Trainee: 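Quick one: structure below, then a few questions.
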Amino acid sequence: MNPRTRRLLTWSVAAAVVLSGGAWTAEPYVQDWAVARDVCDGAVSRDTVDQLIPEDTHLKESRGRQIEQLGTYTCVLTAKQGDHARDWDLLAMSAYTRRDDQDLAFFDSFPEYGSATHTVLPGGLPGFVDRFRDVVLQVPCPDLGKDAEGRARRLVSRVSFAEDALVGAGGTAYRAAVSFTNTASKRLGCGADPLTLTRTAAAAALADPGRSDDPRGVVLADAEKTPCAWVAGAGLPDGVDWRVSGEGSAAAPLASCHLDVPEEAGVTEAGGESIGLYAWYGDWSNRFVTRDSTHGGRSSMTATVRCDGEAANFSLDSSDGVRDLGLSEGVSEADERRLLRLFVADQMERHDGCVGEPKFSF
(Lines give C-alpha, C1' and ligand atoms only; values in the text may rest on other atoms or scores of the structure.)
Protein backbone atom coordinates (compact mmCIF):
# COMPACT_ATOMS: atom_id res chain seq x y z
CA MET A 1 0.00 0.00 0.00
CA ASN A 2 1.51 3.33 -1.04
CA PRO A 3 1.86 6.15 1.55
CA ARG A 4 -0.95 8.29 0.15
CA THR A 5 -3.42 5.40 0.04
CA ARG A 6 -2.48 4.48 3.61
CA ARG A 7 -2.93 8.10 4.71
CA LEU A 8 -6.33 8.36 3.01
CA LEU A 9 -7.44 5.14 4.70
CA THR A 10 -6.20 6.44 8.04
CA TRP A 11 -7.98 9.76 7.51
CA SER A 12 -11.20 7.90 6.74
CA VAL A 13 -10.91 6.10 10.04
CA ALA A 14 -10.06 9.41 11.73
CA ALA A 15 -13.18 11.00 10.31
CA ALA A 16 -15.25 8.15 11.65
CA VAL A 17 -13.69 8.64 15.08
CA VAL A 18 -14.51 12.33 15.01
CA LEU A 19 -18.07 11.74 13.95
CA SER A 20 -18.55 9.12 16.62
CA GLY A 21 -17.40 11.56 19.28
CA GLY A 22 -14.35 9.57 20.31
CA ALA A 23 -11.23 10.92 21.99
CA TRP A 24 -9.73 12.03 18.74
CA THR A 25 -7.37 14.78 19.87
CA ALA A 26 -4.77 12.28 21.04
CA GLU A 27 -4.50 10.68 17.60
CA PRO A 28 -2.03 12.39 15.21
CA TYR A 29 -3.81 11.20 12.08
CA VAL A 30 -7.10 12.45 13.39
CA GLN A 31 -5.56 15.87 13.95
CA ASP A 32 -4.16 15.71 10.42
CA TRP A 33 -7.67 15.18 9.12
CA ALA A 34 -9.12 17.95 11.28
CA VAL A 35 -6.48 20.49 10.19
CA ALA A 36 -6.40 19.53 6.52
CA ARG A 37 -10.16 19.74 6.02
CA ASP A 38 -10.17 23.51 6.61
CA VAL A 39 -6.80 25.02 5.77
CA CYS A 40 -7.36 28.76 6.11
CA ASP A 41 -11.10 28.59 5.48
CA GLY A 42 -10.73 26.19 2.60
CA ALA A 43 -8.00 28.10 0.76
CA VAL A 44 -6.42 24.73 -0.11
CA SER A 45 -8.41 21.52 -0.41
CA ARG A 46 -7.86 18.55 1.90
CA ASP A 47 -6.82 16.33 -1.02
CA THR A 48 -4.18 18.82 -2.13
CA VAL A 49 -2.79 19.15 1.40
CA ASP A 50 -2.68 15.37 1.69
CA GLN A 51 -0.54 15.13 -1.44
CA LEU A 52 1.98 17.61 -0.01
CA ILE A 53 2.60 15.86 3.33
CA PRO A 54 5.88 13.87 3.52
CA GLU A 55 5.93 10.42 5.08
CA ASP A 56 5.94 10.34 8.93
CA THR A 57 4.87 14.00 9.08
CA HIS A 58 1.80 15.30 10.88
CA LEU A 59 -0.02 18.60 10.60
CA LYS A 60 -0.04 20.96 13.55
CA GLU A 61 -2.31 23.88 12.61
CA SER A 62 -3.14 26.43 9.96
CA ARG A 63 -3.11 30.14 10.73
CA GLY A 64 -4.74 32.69 8.48
CA ARG A 65 -4.74 36.45 8.80
CA GLN A 66 -6.53 39.10 6.80
CA ILE A 67 -5.92 42.84 7.10
CA GLU A 68 -8.51 44.54 4.96
CA GLN A 69 -7.05 48.04 5.39
CA LEU A 70 -3.70 46.84 4.00
CA GLY A 71 -5.15 44.54 1.38
CA THR A 72 -3.25 41.49 2.64
CA TYR A 73 -4.21 37.89 3.30
CA THR A 74 -1.71 35.34 4.63
CA CYS A 75 -1.88 31.72 5.61
CA VAL A 76 0.65 29.31 7.11
CA LEU A 77 0.23 25.55 7.49
CA THR A 78 2.62 24.10 10.07
CA ALA A 79 3.72 20.50 10.44
CA LYS A 80 5.84 18.36 12.71
CA GLN A 81 8.03 15.32 12.08
CA GLY A 82 8.75 13.20 15.12
CA ASP A 83 7.79 13.65 18.77
CA HIS A 84 10.51 16.16 19.66
CA ALA A 85 10.99 17.96 16.37
CA ARG A 86 10.31 21.66 16.06
CA ASP A 87 7.27 22.81 14.12
CA TRP A 88 8.01 23.98 10.56
CA ASP A 89 6.00 25.57 7.76
CA LEU A 90 4.83 23.04 5.22
CA LEU A 91 3.01 25.73 3.24
CA ALA A 92 3.27 29.53 3.49
CA MET A 93 0.98 31.71 1.38
CA SER A 94 0.49 35.44 1.04
CA ALA A 95 -1.50 37.77 -1.20
CA TYR A 96 -1.31 41.55 -1.64
CA THR A 97 -3.36 44.20 -3.42
CA ARG A 98 -1.14 47.20 -2.52
CA ARG A 99 1.67 48.17 -4.87
CA ASP A 100 4.31 48.56 -2.15
CA ASP A 101 3.76 45.00 -0.94
CA GLN A 102 3.73 43.68 -4.49
CA ASP A 103 6.99 45.44 -5.31
CA LEU A 104 8.57 43.80 -2.25
CA ALA A 105 7.30 40.41 -3.41
CA PHE A 106 8.93 40.92 -6.81
CA PHE A 107 12.08 42.18 -5.09
CA ASP A 108 12.32 38.88 -3.22
CA SER A 109 12.33 37.05 -6.55
CA PHE A 110 14.62 39.54 -8.31
CA PRO A 111 16.70 41.38 -5.68
CA GLU A 112 19.11 43.08 -8.08
CA TYR A 113 18.66 42.17 -11.72
CA GLY A 114 15.70 40.92 -13.71
CA SER A 115 17.81 38.11 -15.09
CA ALA A 116 17.51 35.97 -11.94
CA THR A 117 16.66 32.35 -12.62
CA HIS A 118 12.96 31.66 -13.04
CA THR A 119 10.49 29.43 -14.89
CA VAL A 120 7.19 30.60 -16.36
CA LEU A 121 4.20 28.65 -15.06
CA PRO A 122 2.78 25.88 -17.27
CA GLY A 123 -0.60 25.92 -18.93
CA GLY A 124 -0.77 29.68 -19.41
CA LEU A 125 -1.03 30.51 -15.70
CA PRO A 126 -0.17 34.19 -15.08
CA GLY A 127 3.01 33.85 -13.08
CA PHE A 128 6.34 32.12 -12.57
CA VAL A 129 8.41 29.96 -10.25
CA ASP A 130 11.31 31.96 -8.83
CA ARG A 131 14.80 31.09 -7.61
CA PHE A 132 13.39 29.84 -4.27
CA ARG A 133 10.86 27.57 -6.01
CA ASP A 134 8.11 29.89 -4.79
CA VAL A 135 5.07 30.20 -7.05
CA VAL A 136 4.21 33.84 -7.82
CA LEU A 137 0.86 34.65 -9.47
CA GLN A 138 -0.60 37.96 -10.62
CA VAL A 139 -4.26 38.58 -11.49
CA PRO A 140 -6.24 41.76 -12.28
CA CYS A 141 -8.67 43.18 -9.69
CA PRO A 142 -11.57 44.75 -11.61
CA ASP A 143 -13.60 45.33 -8.44
CA LEU A 144 -10.83 47.46 -6.85
CA GLY A 145 -10.64 50.02 -9.66
CA LYS A 146 -7.43 52.03 -10.06
CA ASP A 147 -4.76 53.21 -7.66
CA ALA A 148 -3.72 56.81 -6.97
CA GLU A 149 -1.50 56.81 -10.07
CA GLY A 150 -4.29 55.64 -12.34
CA ARG A 151 -3.04 52.07 -12.72
CA ALA A 152 -5.44 49.15 -12.69
CA ARG A 153 -5.30 47.37 -9.32
CA ARG A 154 -3.96 43.83 -9.19
CA LEU A 155 -3.41 41.01 -6.74
CA VAL A 156 -0.04 39.31 -6.39
CA SER A 157 0.21 36.03 -4.48
CA ARG A 158 3.26 34.12 -3.33
CA VAL A 159 3.17 30.47 -2.25
CA SER A 160 6.17 28.78 -0.64
CA PHE A 161 6.63 25.07 0.01
CA ALA A 162 8.85 23.33 2.53
CA GLU A 163 11.90 21.64 1.04
CA ASP A 164 10.48 18.25 2.05
CA ALA A 165 6.98 18.92 0.69
CA LEU A 166 5.90 16.41 -1.95
CA VAL A 167 5.80 18.90 -4.81
CA GLY A 168 6.65 16.22 -7.35
CA ALA A 169 3.10 14.94 -7.45
CA GLY A 170 1.24 15.92 -10.59
CA GLY A 171 0.05 19.51 -10.38
CA THR A 172 -0.10 19.57 -6.58
CA ALA A 173 1.99 22.72 -6.05
CA TYR A 174 0.20 24.62 -8.81
CA ARG A 175 -3.20 23.47 -7.55
CA ALA A 176 -2.38 24.83 -4.09
CA ALA A 177 -1.20 28.17 -5.50
CA VAL A 178 -4.23 28.59 -7.77
CA SER A 179 -6.68 27.65 -5.03
CA PHE A 180 -5.13 30.09 -2.58
CA THR A 181 -5.06 32.90 -5.15
CA ASN A 182 -8.74 32.39 -5.96
CA THR A 183 -9.61 32.44 -2.26
CA ALA A 184 -7.51 35.56 -1.63
CA SER A 185 -9.22 37.31 -4.54
CA LYS A 186 -12.61 36.74 -2.92
CA ARG A 187 -11.52 37.72 0.57
CA LEU A 188 -9.79 40.92 -0.54
CA GLY A 189 -12.57 42.03 -2.88
CA CYS A 190 -10.37 41.71 -5.95
CA GLY A 191 -13.02 40.27 -8.27
CA ALA A 192 -10.59 38.38 -10.53
CA ASP A 193 -11.95 35.63 -12.73
CA PRO A 194 -11.08 32.34 -11.00
CA LEU A 195 -7.92 30.68 -12.26
CA THR A 196 -8.20 27.11 -13.49
CA LEU A 197 -5.59 24.44 -14.11
CA THR A 198 -5.18 23.22 -17.66
CA ARG A 199 -4.36 19.58 -18.27
CA THR A 200 -0.71 20.56 -18.72
CA ALA A 201 -0.47 22.33 -15.35
CA ALA A 202 -2.46 19.60 -13.59
CA ALA A 203 0.14 17.03 -14.62
CA ALA A 204 3.26 19.11 -13.94
CA ALA A 205 5.62 18.85 -10.99
CA LEU A 206 6.84 22.08 -9.42
CA ALA A 207 9.59 23.50 -11.61
CA ASP A 208 13.11 23.82 -10.26
CA PRO A 209 14.57 26.87 -12.04
CA GLY A 210 18.22 26.60 -12.96
CA ARG A 211 18.15 22.84 -13.16
CA SER A 212 17.41 21.39 -16.56
CA ASP A 213 18.05 18.15 -18.40
CA ASP A 214 19.37 20.24 -21.31
CA PRO A 215 20.53 23.63 -20.00
CA ARG A 216 21.97 24.54 -23.40
CA GLY A 217 18.55 24.63 -25.06
CA VAL A 218 17.82 23.52 -28.63
CA VAL A 219 19.80 24.00 -31.82
CA LEU A 220 19.01 27.07 -33.91
CA ALA A 221 17.07 25.03 -36.48
CA ASP A 222 14.62 24.02 -33.72
CA ALA A 223 14.14 27.53 -32.30
CA GLU A 224 10.51 27.56 -33.49
CA LYS A 225 9.78 24.94 -30.83
CA THR A 226 10.59 27.50 -28.11
CA PRO A 227 8.98 30.79 -27.04
CA CYS A 228 11.81 32.40 -29.04
CA ALA A 229 10.80 31.27 -32.52
CA TRP A 230 11.82 34.67 -33.93
CA VAL A 231 15.48 33.77 -33.40
CA ALA A 232 15.36 31.30 -36.31
CA GLY A 233 15.13 34.21 -38.76
CA ALA A 234 17.26 36.70 -36.83
CA GLY A 235 20.36 36.35 -39.03
CA LEU A 236 22.79 35.10 -36.41
CA PRO A 237 26.34 34.41 -37.70
CA ASP A 238 26.68 31.09 -39.49
CA GLY A 239 29.17 28.45 -38.45
CA VAL A 240 28.36 28.80 -34.74
CA ASP A 241 26.62 26.11 -32.68
CA TRP A 242 23.93 28.43 -31.35
CA ARG A 243 21.60 27.02 -28.70
CA VAL A 244 18.26 28.68 -28.03
CA SER A 245 16.18 28.56 -24.85
CA GLY A 246 13.47 30.78 -23.48
CA GLU A 247 10.65 31.40 -21.07
CA GLY A 248 7.39 33.19 -21.68
CA SER A 249 3.64 33.14 -22.21
CA ALA A 250 1.01 35.73 -23.04
CA ALA A 251 -0.15 35.80 -19.40
CA ALA A 252 3.21 35.78 -17.60
CA PRO A 253 4.62 39.09 -16.25
CA LEU A 254 8.05 38.34 -17.73
CA ALA A 255 9.80 36.53 -20.56
CA SER A 256 13.33 35.76 -21.72
CA CYS A 257 15.33 34.39 -24.63
CA HIS A 258 18.87 33.04 -24.32
CA LEU A 259 21.28 32.50 -27.20
CA ASP A 260 24.24 30.43 -26.05
CA VAL A 261 27.41 29.00 -27.54
CA PRO A 262 28.38 25.94 -25.48
CA GLU A 263 31.98 25.74 -24.30
CA GLU A 264 32.48 22.43 -26.08
CA ALA A 265 31.39 23.94 -29.42
CA GLY A 266 35.05 24.48 -30.29
CA VAL A 267 34.57 27.58 -32.46
CA THR A 268 36.65 29.79 -30.19
CA GLU A 269 38.73 29.72 -27.06
CA ALA A 270 36.07 31.98 -25.55
CA GLY A 271 33.47 29.20 -25.43
CA GLY A 272 30.36 29.55 -23.31
CA GLU A 273 29.43 32.97 -24.74
CA SER A 274 25.83 34.09 -24.51
CA ILE A 275 23.24 36.75 -25.28
CA GLY A 276 20.29 37.22 -22.93
CA LEU A 277 17.13 39.15 -23.78
CA TYR A 278 14.59 39.93 -21.08
CA ALA A 279 11.08 41.36 -20.89
CA TRP A 280 9.23 42.46 -17.76
CA TYR A 281 5.65 43.71 -17.67
CA GLY A 282 4.72 46.26 -15.03
CA ASP A 283 6.14 49.37 -13.37
CA TRP A 284 7.78 47.11 -10.76
CA SER A 285 10.50 46.39 -13.35
CA ASN A 286 11.65 49.98 -13.96
CA ARG A 287 14.60 49.45 -11.63
CA PHE A 288 16.11 46.87 -14.02
CA VAL A 289 16.62 49.38 -16.82
CA THR A 290 17.38 52.56 -14.86
CA ARG A 291 21.02 53.63 -14.84
CA ASP A 292 20.59 56.48 -12.36
CA SER A 293 17.84 56.16 -9.77
CA THR A 294 18.10 59.89 -9.00
CA HIS A 295 17.78 61.29 -12.51
CA GLY A 296 16.01 58.33 -14.11
CA GLY A 297 18.48 57.80 -16.95
CA ARG A 298 17.94 54.54 -18.80
CA SER A 299 20.62 51.91 -19.27
CA SER A 300 21.93 51.13 -22.74
CA MET A 301 20.53 48.23 -24.76
CA THR A 302 17.09 48.65 -23.22
CA ALA A 303 13.62 49.56 -24.44
CA THR A 304 10.23 50.46 -23.00
CA VAL A 305 6.64 50.59 -24.19
CA ARG A 306 3.21 50.79 -22.57
CA CYS A 307 1.39 47.49 -22.03
CA ASP A 308 -1.85 47.24 -20.06
CA GLY A 309 -1.43 50.81 -18.85
CA GLU A 310 2.02 50.26 -17.33
CA ALA A 311 5.62 50.15 -18.44
CA ALA A 312 6.93 47.07 -20.18
CA ASN A 313 10.72 47.00 -20.06
CA PHE A 314 13.17 45.10 -22.24
CA SER A 315 16.91 44.55 -22.03
CA LEU A 316 19.75 42.80 -23.86
CA ASP A 317 22.84 41.58 -22.06
CA SER A 318 25.78 39.82 -23.71
CA SER A 319 29.12 38.37 -22.68
CA ASP A 320 32.29 40.06 -23.93
CA GLY A 321 33.33 37.21 -26.21
CA VAL A 322 30.15 37.38 -28.28
CA ARG A 323 31.73 40.18 -30.35
CA ASP A 324 34.34 37.69 -31.65
CA LEU A 325 33.28 34.08 -32.00
CA GLY A 326 36.38 33.05 -33.93
CA LEU A 327 34.83 34.28 -37.18
CA SER A 328 35.57 37.19 -39.47
CA GLU A 329 32.40 38.74 -38.13
CA GLY A 330 31.12 38.15 -34.63
CA VAL A 331 27.95 39.70 -33.19
CA SER A 332 28.42 43.42 -33.61
CA GLU A 333 26.75 46.17 -31.61
CA ALA A 334 24.52 46.77 -34.63
CA ASP A 335 23.55 43.08 -34.56
CA GLU A 336 22.67 43.36 -30.87
CA ARG A 337 20.47 46.38 -31.56
CA ARG A 338 18.70 44.44 -34.27
CA LEU A 339 18.19 41.46 -31.96
CA LEU A 340 16.70 43.71 -29.29
CA ARG A 341 14.32 45.28 -31.81
CA LEU A 342 13.21 41.86 -33.04
CA PHE A 343 12.71 40.63 -29.49
CA VAL A 344 10.61 43.66 -28.53
CA ALA A 345 8.47 43.36 -31.67
CA ASP A 346 7.86 39.67 -30.97
CA GLN A 347 6.97 40.32 -27.34
CA MET A 348 4.50 43.07 -28.27
CA GLU A 349 2.73 40.62 -30.57
CA ARG A 350 2.61 37.90 -27.91
CA HIS A 351 1.50 40.12 -25.02
CA ASP A 352 -1.94 41.71 -25.20
CA GLY A 353 -2.48 45.37 -24.44
CA CYS A 354 0.78 46.85 -25.81
CA VAL A 355 0.32 50.18 -27.56
CA GLY A 356 2.50 52.81 -29.20
CA GLU A 357 6.06 52.69 -30.49
CA PRO A 358 8.78 51.34 -28.16
CA LYS A 359 11.51 53.73 -27.06
CA PHE A 360 15.02 52.34 -27.32
CA SER A 361 18.15 53.34 -25.45
CA PHE A 362 21.41 52.24 -27.09
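Worth saying up front: this structure is predicted, and the values here are computed from it rather than measured.
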Trainee: Less than 3.5 Å apart, any donor N or O on the side chain of Ser94 or Tyr96 sitting next to an acceptor on the other?
Mentor: yes
Trainee: Among side-chain atoms of Ser299 and Thr302, is any donor-acceptor pair under 3.5 angstrom?
Mentor: no
Trainee: Going by an N to O cut-off under 4.0 Å, is there a salt bridge joining Asp147 and Arg98?
Mentor: no
Trainee: How far does CG of Leu340 sit from CZ of Phe360, to the nearest 0.5 angstrom?
Mentor: 5.5 Å
Trainee: Answer yes or no: is there a side-chain heavy-atom contact under 4.5 Å between Val129 and Leu206?
Mentor: yes
Trainee: Tyr278 vs His258 aromatic rings, parallel, tilted or perpendicular, using cut-offs 30° and 60°?
Mentor: perpendicular
Trainee: Taking Val44 as the starting point, is it possible to reach Leu197 by hopping between hydrophobic residues whose side chains are less than 4.5 Å apart?
Mentor: yes
Trainee: Identify which one of Ser62, Ser45, Ser179 satisfies the side-chain contact (heavy atoms from CB on, under 4.5 Å) criterion when paired with Val39.
Mentor: Ser62
Trainee: Without hydrogens or angle criteria, can the side chains of Ser185 and Asn182 be said to hold a donor-acceptor pair below 3.5 Å?
Mentor: no
Trainee: For Asp87 and Thr78, test the side chains for any donor-to-acceptor distance below 3.5 angstrom and give the result as yes or no.
Mentor: no
Trainee: Ring centroids only, cut at 6.0 angstrom: are Phe128 and Phe110 within range, meaning strictly under it?
Mentor: yes
Trainee: Only one of Asp130, Asp108, Thr74, Asp101 forms a side-chain hydrogen bond (donor to acceptor under 3.5 Å, both in side chains) with Arg158, so which one is it?
Mentor: Asp130
Trainee: One thing to verify: whether Lys359 and Glu357 come together as a salt bridge, which I'm taking to mean a side-chain N less than 4.0 angstrom from a carboxylate O.
Mentor: no
Trainee: Starting at NE2 of His58, measure out to CD1 of Ile53 and round the result to the nearest 0.5 Å.
Mentor: 9.0 Å
Trainee: Got a salt bridge between Arg306 and Glu310, using NZ or NE/NH1/NH2 to carboxylate O under 4.0 Å?
Mentor: no
Trainee: Hey, which of Arg99, Gln102, Arg151 is the one that makes side-chain hydrogen bond (donor to acceptor under 3.5 Å, both in side chains) with Asp283?
Mentor: Arg151
Trainee: What pair of heavy atoms forms the shortest contact from Gly189 to Leu144, and how long is it?
Mentor: O-CD2, 3.4 Å
Trainee: Can a side-chain donor-acceptor contact be found between Ser318 and Glu336 if the only test is distance below 3.5 angstrom?
Mentor: yes
Trainee: At what distance, to the nearest 0.5 angstrom, does OG of Ser109 lie from CH2 of Trp284?
Mentor: 8.0 Å
Trainee: How long is the gap from CG on Leu254 to CH2 on Trp280, to the nearest 0.5 Å?
Mentor: 9.5 Å
Trainee: Do Arg350 and Asp346 sit within salt-bridge range, that is, some charged N less than 4.0 Å from a carboxylate O?
Mentor: yes
Trainee: State, to 0.1 Å, how close Gly127 and Ala252 come at their nearest heavy-atom pair, and which atoms those are.
Mentor: O-CB, 4.0 Å
